[in-house]
Amino acid sequence: MPNLGLFNYWVVIVLMMTGFYTVIARGNLIKKLIGLNVFQVSVFMLYISMANVKGGTAPIIFEGAKIYSNPLPHVLILTAIVVGVSTTSLGLALVVRIKEAFGTIEEDDIRRLEEEA
Amino acid sequence: MKRHYIVRVISKLLIPCIFLFALYVQFHGDYGPGGGFQAGVIFASGIVLYTLVVGLDRAQQAFHPRIIEILVAIGVLIYGSVGIWCLASGGKFLDYNALADDPVRHPQHGQHLGILLVELGVGITVAAAVVSIFFAFVNRGRS
Amino acid sequence: MIADHLLILQVIVPLLAAPLCVVLRHRMLVRLFAVLVGWVVFAIAIMLLTRVLNAGTVDYNLGNWAVPWGIECRLDSLNAFVLLIVSGIAAVVLPFAPHTVKDEVSGDKQYLFFAAFLLCLTGLLGITITWDIFNMFVFLEISSLSACALISMGRSRRALTAAYQYLVMGTIGSTFILIGIGLMYMMTGTLNISDLNDRLQRLIIVNQVPMFVNQTRTVIAAFAFLTVGISIKLALFPLHAWLPNAYTFAPSMVTAFLASTATKVSFYVLLRVIFTVFGVTFAFQSMQLNTWLMPLALVGIYIASTVAIYQNNVKRLLAYSSVAQIGYMVLGLSFVSVTGLTSSIVHLFNHALMKGGLFLAMGCIMLRLGSVQLQDMKGLGRRMPLTMAAFVVGGLNLIGVPMTAGFISKWYLILAALEQGLWLVAVLSLFSSLLAVVYVWRVVEVAYFQEPERPAGGELRRLNEAPVSMLLPTWMILGASLVFGVYTEFPVGVARRAAEMLMGVGS
Amino acid sequence: MISEDAVLLSLGLPLGAAVLISMLGRWPNFRETVTLLAAACLFVTVCTLVPAVMADGRPEVNLLDMFPGLPVGFKVEPLGMLFALVASGLWIVTSIYSIGYMREHHEQNQTRFFVCFAIAIAAVMGVAFSRNVLTLFIFYEALTFSTYPLVTHHSTDKAKRAGRIYLGVLLSTSVLFLLLATIWTWHLTEPHSLEFTKGGLLSNMGSDTIRQQPWVVGILLALFAFGTGKAALMPFHCWLPAAMVAPTPVSALLHAVAVVKVGVFTIMKVVIYVFGIDLLTDTGMSLWLMYVAGATIMIASLVALTKDNLKERLAYSTISQLAYIVLGVALANASGVIGGGMHILMHAFGKITLFFCAGAIMISAHKTRVSELNGLGRTMPFTMAAFAVGALSVIGLPPLGGSWSKWYLALGTAEAGQLPLLATLMVSSLLSIAYLMPISIRAFFLEPSASDVHGDNYHVHTGIREAPISCVVPPCITALGCVVLFFFAERAYQLLIPIVS
Amino acid sequence: MSTAIAIVVLRDLWSSVILSGIFSLISAGLFVVMDAVDVAFTEAAVGAGVSTVLMLGTLALTDTSEKRSDRFQVLPLLVVLLTGAALIYSTLDMPHYGDPYAPIHLGEPANTYIYKSSNEIGVPNIVTSVLASYRGYDTLGETVVIFTAGIGVLLLLRRSCEMDQEGKTCVNEESHS
């Protein structure tokens, strides 16, 4: 059963798709953003799990540690997290303004309002 | 939250610790986990808690939005100017070795200095940014 | 000493200028400062291009860390060219800004607006020069976040929803790109572009079987994710849903800037990933990418142009025509020949000019007329002669009339098609330019051969021509498009060099 | 050398005139003076080129290199020389005429009118002198766009619809077929070139594809022939009748001479200098074109019979006459080509006369229909006389210019052994009599219809009432030209001989 | 994982926001398990902290419950399944979890980061040294991203009721039309 080692990727993928589905299928703007969050976080998991090494430790050098997990993905993900939160905050700000302008945060209602306008 | 004394007292006690912890994370990032970004977030969360306790107005008196806004910029500027400094001292952009008094034998000094400043920049920007975003939201909610 | 660091300064100057704008805060000061920065950046770009053309590629290792440990920036004839376009457009658009921004963004926020604009510029430039694929992602985010903020500044409330749509779709796109990067990194362990290209051809042991990295299913999936992600950013049909709204409701200058730079840079990224990272053989022989792209491009051209014909909001009309024009670029790419690539790179340049000019003209009309609806533009040819003349020039460009830049692109596109013996494609793409005639001429007829109907009783509000500070940039860009429609050595020459480099033939 | 400057000048003059006119819009008299001066100077300039060309000189100028190895430039050769002479010469007459016409009609936007007119002439010169297909294409399109405002001049709905058809047909044919053909030619030649070369570009430098698959030649010829919509070859002729909404001077110069002739001229240039007559005769790929032309001749003549509106009738006659020229080229033998070339000249004079008269009638008698012309010969003797002459010339009866070109064309068909086409020519001449003569007959031999006697035009009985002098002189001049050309056709022949030898 | 599912299913936004916070927290835990302490730290601070706070703030300004959308779209599901399939497909040739011979662990740049950084940079925390020095440019970009977000939010949300020079009156964003 060689693929056992891939099991944890599969979990990550399922998570990703849950988030992705929320983004494209749900009508509620906030819900979309939450979905986006889930989506991104699970992508982060993909990166982190590829960085891991059996019997490795966190990449902080100290005596007695030989194997470290790969630090590069960690760095990338640190950056990516920041990007994610920035996106979320901007999106939320937009949602607030949309709520003020349209009085709703449901995609369908907004579309209807736009057709009228 | 003006009337919940327990909460207020506890948080009054808590907030300084939070700031302290933030500073620790900020400058201990080289040795343990953590660094500018985390520190910034923690610092910001401290301010957020403070705002929740004392209310927006007093909070904004303490941390004037305009100041915060400028701080956001300052952080980036610090980071960038470190890079420029490296240029000025004959290295490539962000080449901290150039900052060391003796780049050949002890480049680490340069690296230490560079990383310290850079992390500081990140910390300031992050903290200020989060706070100003938070303020913006709360302001919007009020009026 | 500066000369060695020009490459990085190209990005750092606007990057640091943005926070300075926030510190300065004063309105006039910020405006002047932004304009200044724009021209400095343009100057740098020109110097860089000349150097690249004379001395070949320019490298810059950030922090003096050798590849693959540090991040590298590299400039070759392709991205030097893109750099020139982006910075040039920015330099022209910035002086244009104040009048339009004045009645779109409230006074005490303008410094933020300009800061965001500079950040967007930074992002685009950063994407263009970097040679590190993850770094590309970071700057992609900078540009798209700031662009989103800029779009949301439009007058109509629909600008908000447009911006939201842009944000969500853009983030999905960039997350796809992120996945692609991750998968590729997983199989190669590097992020540097040339390093990637090199390691993709190595042998590795997968499930106890040796195979080439670029044959592994992981890399194939990575390729798919990257292509799709970039196509979203590029608004390649059918992933263009975000573009029309964004262009229609964004502030005039923002539309002009984004329309002529953002999609171009995305197209550059596409070229870079397909040709430099994966290489022609992989992309077009193993993956058969062109068999996907060519139909998509053609269908995109036709549907978008047809939709454009039925628009009554001229800005939206132009937005759809942008989607169609992107189709032309991708079509040129899908021929996988030097001429084809030349055509799409030349078109990248020309389209930046013509669309920029057209949207600037729209900005002028928006300022004076307060609307860009077709029925409000009756008789505008006599009321705003210079602006409408500019529009006509741009329109002729879109159609591809001889002596305009558009003709050059068309010429090479058809030539490339014929070289490949693709008759149908040649005829189809010629025919599609007739659709352009239709949607351009609708506007021209209304503007020149219809009398504006007077408001009941009241006399017709007399419009004065747009201010010089707006007409000048408009005409500068369109003038350029005319000049390059006649003296083609420069764009075609550079484009051909870039194309040969991408195809790996000649110099 | 002087003639190089002359070539540039012949483009610069009209353009400069256009600029001046647009600036002098406020003072009509100066404006018109500029037009006339420009026209005169242009004609003189073109004439200075004749000796050089007669002496087998080929003055050439390059403007710029648009693509590597593909310049935009000019090179004068006999055919273009002849065409330029016709166009520039008739511009003088037309401008005299149009000044009178426009003022008499109190037209709007006269400045725009004259500006576009000048630009159009410049474009025609560019076409006439162009050295390669690209240059020709550029000025061809320039002509299309510069004449569009003239067609929609009245900016009524009718005019706008006509404009759409005009632009639609001309642009789509040129973009779809002509451009494709141009690029294809560029692709087919080894080394790539679009130069008009004696004996035929493709037969000299064509890559192997040409020799291996002659059908390519056929397709290419089709693309070129139908691509030049201006030649009004059926089925792409409908723009010409539509364009008749334009003011008469436009119909006269542009749609009887300049524009349509640019069309046939393009076809001639392409056949002679791109394919080369021999290539076509060898491959026999121009046969179908002969029959298309023949069909156009017949159908157009028949349609002309049915039209009551004078200008439309003339338009259809133009279509059939143009097909004569195409036929001459398609025959791909010396007589045919020469006949075609001469017909450009002859038909130009004849047809412009007819249009002038039509305009004059419209001005003074306010009549546009053939059926209203009864007895007009008494009130407008000069006009109607000129009309008669022009008509006869178009029909091709001696002693008028038209007879020569028809003669050579007939000769050509005979040489090519295309008897059915020869018959076509004969029949269509008869038809042209049928649709042109009645007009003169009505004018001179019929009594004015009753409506006129009591109608407002009481002047029918009050003796001569001609159009303003500036509208009567031009037709007389051109009519005279028809006669003169009969006797001086030799010159034209001499000029054209080199292109087939 | 169940949390994620729950987020999709739940209609009440309050709880789904809280849940997403919890989700981030859990994932932070997972990161720790996978030896990514810094990331875990950040994720906890950001995902569970900042984002949640902001989302709650937003909820306070907007609706708290999602409208039940009766339409069930097939297309999104298809897209998602397709993407998922592509990803699963991609995993088949992946090095296994924790496989020390995976390409990214062998060779450069990883090894240098791990074994040389301590004397090149002299900082024990490799992540920090990579973050701030080797890939300092990325981090600069990251900072700028945050800065951008800050500016964007201010542009969007800051009320601006100051008189312009042009004498234009208070520009209220509500007056969008």
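Lettering follows sequence order; numbering is per chain, from 1.
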- Query: Among L72(A), V95(A), V23(A), who wins on heavy-atom pairs under 4.5 Å with chain E?
  - Reply: L72(A)
- With distance as the sole test, does R97(A) use its side chain to make a donor-acceptor pair with the main-chain N or O of L156(E) at under 3.5 Å? yes
- Is it the backbone or the side chain of V46(E) that comes under 4.5 Å from a heavy atom of chain A, or both, or neither? side chain
- Given a strict heavy-atom distance threshold of 4.5 Å, which part of V153(E) is in contact with chain A: side chain, backbone, both, or neither? both
- Task: May I have the step-by-step check of side chain to side chain contact (heavy atoms under 4.5 Å, CB included) for F23(E) and L15(A), ending in yes or no?
- Result: CA-CA 11 Å; F23(E) 175 71; L15(A) 282 179; 4.1 Å; yes
- Note on the structure: Most heavy-atom pairs under 4.5 Å with chain A, out of V32(E), V37(E), I146(E), belong to I146(E)
- Part of L30(E) lying under 4.5 Å from any heavy atom of chain A: side chain
- Task: Show your reasoning for whether side chain to side chain contact (heavy atoms under 4.5 Å, CB included) applies to I81(A) and F44(A).
- Result: CA-CA 8 Å; I81(A) 290 177; F44(A) 303 161; 3.6 Å; yes
- Look at E107(A) together with R26(A) and state whether they make a salt bridge at an N to O cut-off of under 4.0 Å. no
- For T91(E), is it the side chain, the backbone, both, or neither that has a heavy atom closer than 4.5 Å to a heavy atom of chain A? both
- Among I34(A), L33(A), N37(A), which one satisfies side-chain contact (heavy atoms from CB on, under 4.5 Å) with S51(E)? N37(A)
- Message: Looking at chain E, which one of I105(A), T88(A), I77(A) has the largest number of heavy-atom pairs inside 4.5 Å, strictly under?
- Response: I105(A)
